Each structure stands twice: as C-alpha cells, then as structure tokens.
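Remember, it's 1-based here, ligands and their atoms both numbered in the order they're listed. Being a predicted model, the structure only gives us computed values, none of them experimental.
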Amino acid sequence: MKVGIIADDYTGGTDAASFLVEEGMSCIQLSGVQVNDVPLETDAIVVSLKSRTEDPVKAAADSVAVWKWLKKQGSDVIQFKYCSTFDSTSEGNIGPVTDAILAEAGLLSTIVVPSLPVNGRKVFYGNLFVKGEPLNESGMKDHPLTPMRDANLVRLMDSQSQGTTGLIDYETVEKGITAVRQAFEELTQQGHRYVVIDAFDDEHLTTIGAAFANYPYVTGASGLSHGLAKALSARQGEGGGSKAFKPTQGKTVVISGSCSTQTNRQVNYYKSLACAHQVDVDKLDDVDAYSEEIAEWLNANVSADYPPMVCATVNKERLAEIKATYDFDVSARIEVLFTHLVKKLKHRGFSNFICAGGETSGAVTQSLDVKELLVGKLICPGVPWVATLDKSLFLALKSGNFGDDDFFECAKSLIQEARY
Ligand SMILES: Nc1ncnc2c1ncn2[C@@H]1O[C@H](COP(=O)(O)OP(=O)(O)O)[C@@H](O)[C@H]1O
Ligand SMILES: O=C(O)[C@@H](O)C(=O)COP(=O)(O)O
C-alpha cells in the first residue's frame, strides 16, 4: 500500500480519493476510526473522519488512531488531508492534529500544503488565495463554523499549534526536488516544526509530491494528494474517465447545508429548475416531526428530471441575523435535522443523495451508516459520484465552494437508466 490519507471531513475524503483514482491508483474510501484490517490489495486507502470542528483533543486522538492503523496496513506515506481553504479556528484542529501525529510518528517536522490550483486555491509567499482573493477577503470570512480571518498560513499555523512555522517560497520550489528537500531539512534544523510550501500551479505540486513521496507524514489538501499520486502511481493517468461508474436511476434528493458563496449560487440556480424546500429555523425545536414533514414532501415531489431539493443554505446577511436571533446552536441542529431526514428518505426508497457541504455530507453519510465507498465518475474537479460497495446507495458529496453554478444539474445528469 502506497498512500494513506486521513481526511478531516467526508467531502475532503472523496476529493482526495478522486485525484488518486484519476492518476490510476486503486483506492478504498472508509469512514471513522478503523478496527479491522483491509482484506483487499489496494494502492491507497482514504479514511474520512468528521473531525474538522470537533473537540481538538478528540480530533487529535482519532487522527492518531487512524494514522497507526494506516501504518499497520503498510502505507509508505500518510497525508493528513484538510481543506484547501484551511478551515480551522485558533484552537484547531489542523495544528493539534498535526502535532499529535508528529509526536506519534517520532518526526521533528512536516509540510503544510493546502493548495488546489484547479479550484483556485493558491499559495504565494505563504499567503492563501481563493480565486484571486486573499482567504480572509473571500467568502470563507463568513463561514458558519470556521470563519477565516487571516490569509497568512505561517501566522495561522503558529496560532493553533505548539511549534513554529517556516516557509519554502515558490522560487525554491521552481528549482526542483533537491532544492525543496534541502530547504525543508534546513528549516527543520532551525527548529521549525511545520513548513508551509508555496504552490500555485500543478507543476509546483508535482515537484512537492515527488520530494515527499517517501516521507512518512505530510499535511495538505487534495492538490498534495494529486502530487503524491503522480509520483507514486504505477499506472499514471490511466484512471477515472470512461471506466468510472455512474449512479443508476432511483429516487434522488439534493440536500444543501453549505452557506458558502458558491453553494448559494448553485442553490439559487437549481431553485429555478426544481421544487425546493427551505429549512425553517423556527421548526427546529422538534426535528423528528419536522424531518417527517420534509420527507413526505420530498417523496411527493420525486422527479427523474429535476430531483427535489431541501436546503438550509442562506446568504451571509441572513446567517448573521440567524446567529443573532436564536439562543441555540442552529448549525448543529440543522445537521441533526438532516440526519433524521436521510434515515426517513432511505426508508422511503431514496438511493441517490446529492449533498452540499462538508459537515452536512459527514452528517448524511454517518446517518446512512455508509462505511466503505467506491469512487466513480467525476462531476467536477474534486467531486466524484461515490457508491456503497453493493451499489445500493450513490452519493455526491460536494465541498461548499466546489463546482460551477449548475453543479446540481450536472450531478443529476450523470444518473443513468438502470441496466437490467
Ligand atoms: N441557515 C443556517 N443557519 C445556521 N447554520 C446553518 C444554516 N444552514 C446551514 N448551516 C450550517 O452551516 C454549516 C455548513 O458547513 P458545511 O456543511 O461544512 O458547509 P461548507 O462545505 O460550505 O463548509 C453546517 O453546520 C450547517 O448545518
Ligand atoms: O480541500 C477542499 O477544499 C475540500 O476537500 C474540503 O475539504 C472542503 O470542505 P467543505 O467546504 O467544508 O466541504
């Protein structure tokens, strides 16, 4: 087994897996802390946790447990995969998880590489840009759970971890693999525990992937997974494409719990095509009754052309209003609503779930009790259709800011007639 990945959320897991598969690697995606060994031969294993916003101590303990398990499965290199917009708070969880795994691995330092140029996430002199805007000026500044108020990765990493952070700039990266390894060793000798590396195009990530393909522990977003896969895959470029499976026709629902700028656009676009139910925050005091009402409504509005949508998605002004009005954790309650809802939908025979939002996708996947996933057809960069091993359930798990405005339409248009 070549690559092991610990993803801090479910959309992050499928995102990373899609890049490994694209480079021709065989890949199994699992969820939660693992107990049993994997009986199959595979090039890569991705384990998704829902640890991004949980208590930092638990997030670190669970991630270390997965790290040990992946090591036991024989991974040469293990990546802690976090968001390409560095979603975290001053308490973590990127810092605490990185520290805990470094201690477990007995390593002095590791790299920090959140770039994903194909989706506009680029690092320049240690500053993270999202589609040309500094992270703290992008839509991420208003995220409901992890508002990002700084774009400087050195400061961000220093503020939530125990060690200090050094930087390898893009000029060094462009000198090649040896220069990058040398700079990393020098910064480590100077006492830096984390080394941010600039990357704003795929070439940079290819160099970084090659430089660290045999390093036991690295951290970053799926651009780094892609770089590692390029260095390690024996069947480079043979994956994905026409061989990848598509979901089969079945009752389909769109569930959107992301409030990102891009998801707002996607929800507005899809509302002009399909029936939509907007979650009413006033009804969240009885999630069981309310989820029953929504399940009935969705079931009555099933459509193969434009599957119905339930969305909690609101813009930043409405989000601020909600936060100021209610004295309970609305975000958490919405996730609970969705967990009740998907159980009821599964009971009513729904088989295809198109979800927007990392935490939302985690809640949905956990509630459906999906533990192992196969990676199928790509809907857009970083978002493949995935399926349970028996292909009874198909899921599209979309990170908040991924996909074009017509993402939901694109996802549903890949659903093909069942083959009997
Ligand atoms: N109307 C709303 N008011 C408050 N919180 C909301 C609302 N709609 C969604 N949320 C919460 O916002 C969070 C969005 O996070 P997530 O699903 O990870 O999306 P993203 O991928 O954009 O980060 C979830 O916890 C969700 O329950
Ligand atoms: O790295 C990324 O951008 C994604 O894989 C990811 O983690 C996104 O998180 P959410 O926006 O919370 O879905």
Side-chain angles (χ1 to χ4, degrees), residues 5-19 46 48-54 79-88 94 113-121 128 130-131 135 138-140 142-148 219-226 255-267 278-284 287 310-326 328-339 341 355-365 380-384 396-403:
I5 293 190
I6 308 163
D8 69 351
D9 79 347
Y10 285 63
T11 49
T14 52
D15 173 15
S18 72
F19 284 103
V46 176
S48 306
L49 297 175
K50 195 172 180 299
S51 58
R52 186 172 293 174
T53 53
E54 72 186 3
Q79 178 187 347
F80 167 38
K81 154 73 182 72
Y82 42 76
C83 191
S84 60
T85 46
F86 214 72
D87 296 15
S88 51
I94 296 175
V113 184
S115 306
L116 182 58
V118 69
N119 280 336
R121 286 75 196 268
L128 179 55
V130 180
K131 295 193 173 155
L135 177 63
S138 75
M140 283 308 298
D142 302 307
H143 192 280
L145 307 173
T146 50
M148 299 308 293
T219 83
S222 58
L224 176 63
S225 321
H226 199 188
I255 299 175
S256 179
S258 162
C259 294
S260 72
T261 313
Q262 190 53 19
T263 302
N264 268 281
R265 294 171 68 92
Q266 291 158 341
V267 162
Q278 182 73 40
V279 168
D280 180 349
V281 180
D282 284 328
K283 289 189 171 177
L284 289 174
V287 285
V310 53
C311 55
T313 304
V314 289
N315 62 25
K316 62 174 191 233
E317 289 78 20
R318 176 68 187 133
L319 190 64
E321 212 173 271
I322 289 172
K323 291 213 159 195
T325 310
Y326 295 89
F328 63 93
D329 185 345
V330 176
S331 301
R333 196 76 67 86
I334 288 171
E335 289 185 36
V336 176
L337 174 77
F338 286 152
T339 62
L341 177 65
C355 307
E359 297 298 320
T360 306
S361 297
V364 167
T365 312
C380 68
V383 193
L397 306 175
K398 188 194 82 75
S399 145
N401 276 310
F402 284 5

Which of these, Leu116, Ile5, Leu224, sits in a side chain to side chain contact (heavy atoms under 4.5 Å, CB included) with Phe19?
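Of the listed residues Leu116, Ile5, Leu224, the side chain to side chain contact (heavy atoms under 4.5 Å, CB included) partner of Phe19 is Leu116.
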
Any luck finding a side-chain donor-acceptor pair between Thr263 and Thr313 under 3.5 Å?
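Their side chains do not contain a donor-acceptor pair, so the 3.5 Å distance test is not met.
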
What I want to check is whether the side chains of Ser225 and Ser222 have a donor and an acceptor closer together than 3.5 Å.
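No, no side-chain donor-acceptor contact under 3.5 Å.
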
Residue, atom name and distance, where the atom is the protein heavy atom closest to [atom]:
atom: atom 27 (O) of ligand 1; answer: Ser331 O, 2.8 Å
atom: atom 25 (O) of ligand 1; answer: Glu335 OE2, 2.6 Å
atom: atom 17 (O) of ligand 1; answer: Thr360 OG1, 2.7 Å
atom: atom 23 (O) of ligand 1; answer: His143 NE2, 2.5 Å
atom: atom 22 (O) of ligand 1; answer: Ser258 OG, 2.7 Å
atom: atom 18 (O) of ligand 1; answer: Glu359 N, 2.7 Å
atom: atom 7 (C) of ligand 1; answer: Ile334 CD1, 3.3 Å
atom: atom 26 (C) of ligand 1; answer: Gly257 O, 3.4 Å

Any side-chain to backbone donor/acceptor pair from [X] onto [Y]? Under 3.5 Å, distance only.
X: Gln79; Y: Ala221; answer: yes
X: Ser115; Y: Pro117; answer: no
X: Ser18; Y: Val383; answer: no
X: Thr85; Y: Cys83; answer: no
X: Asp8; Y: Lys50; answer: no

Applying a heavy-atom cut-off of 4.0 Å, say which part of Val281 lies close to ligand 1: side chain, backbone, both or neither.
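The answer is neither.
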
Once you restrict both partners to nitrogen or oxygen, which atoms of ligand 2 have a protein partner under 3.5 Å, and how far apart are they?
residue: ligand 2; atom: 1 (O); partner: Lys81; partner atom: NZ; Å: 3.0
residue: ligand 2; atom: 1 (O); partner: Ser84; partner atom: N; Å: 2.8
residue: ligand 2; atom: 1 (O); partner: Ser84; partner atom: OG; Å: 3.4
residue: ligand 2; atom: 3 (O); partner: Ser84; partner atom: N; Å: 3.4
residue: ligand 2; atom: 3 (O); partner: Ser84; partner atom: OG; Å: 2.6
residue: ligand 2; atom: 3 (O); partner: Arg121; partner atom: NH1; Å: 3.3
residue: ligand 2; atom: 5 (O); partner: Asp15; partner atom: OD2; Å: 2.6
residue: ligand 2; atom: 5 (O); partner: Lys81; partner atom: NZ; Å: 3.0
residue: ligand 2; atom: 7 (O); partner: Arg52; partner atom: NH2; Å: 2.7
residue: ligand 2; atom: 7 (O); partner: Lys81; partner atom: NZ; Å: 3.2
residue: ligand 2; atom: 9 (O); partner: Arg52; partner atom: NH1; Å: 2.8
residue: ligand 2; atom: 11 (O); partner: Ser399; partner atom: OG; Å: 3.3
residue: ligand 2; atom: 11 (O); partner: Gly400; partner atom: N; Å: 3.1
residue: ligand 2; atom: 12 (O); partner: Arg52; partner atom: NH1; Å: 3.0
residue: ligand 2; atom: 13 (O); partner: Thr11; partner atom: OG1; Å: 3.0
residue: ligand 2; atom: 13 (O); partner: Gly358; partner atom: N; Å: 3.0
residue: ligand 2; atom: 13 (O); partner: Gly400; partner atom: N; Å: 3.3

Residue [X] vicinity, atoms of ligand 1 by number, heavy atom under 4.0 Å:
X: Ile322; result: 1 (N), 3 (N)
X: Val330; result: 3 (N), 4 (C)
X: Ala312; result: 1 (N), 2 (C), 7 (C), 8 (N), 9 (C)

Spacing of SG belonging to Cys259 relative to CD1 belonging to Ile322, to within rounding of 0.5 Å:
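Result: 7.5 Å between the selected atoms.
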
Any chance you could measure Phe338, atom CZ, to Cys355, atom SG, to the nearest 0.5 Å?
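Spacing of CZ (Phe338) from SG (Cys355) equals 9.0 Å.
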
side-chain contact (heavy atoms from CB on, under 4.5 Å) between Leu341 and Val310: does it pass, once the steps are laid out?
CA-CA 10 Å; Leu341 177 65; Val310 53; 3.7 Å; yes

For ligand 1, find out whether one of its N or O atoms is nearer than 3.5 Å to an N or O atom of Asp87.
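By distance alone, the answer is no.
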
Backbone or side chain, does any N or O of Gly400 fall under 3.5 Å from an N or O of ligand 1?
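Between Gly400 and ligand 1 (N or O atoms, distance only) the closest approach is under 3.5 Å.
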
Would you check whether Leu145 reaches within less than 4.0 Å of ligand 1, judged by its heavy atoms?
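Flag set, Leu145 near ligand 1.
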
So does Arg333 have more than 12 non-hydrogen atoms from other groups sitting under 6.0 Å from CZ?
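Yes, CZ of Arg333 has more than 12 neighbouring heavy atoms, counting only those of other groups under 6.0 Å.
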
Quick one: does Phe402's side chain get under 4.5 Å of Asp15's, heavy atoms only?
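In contact.
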
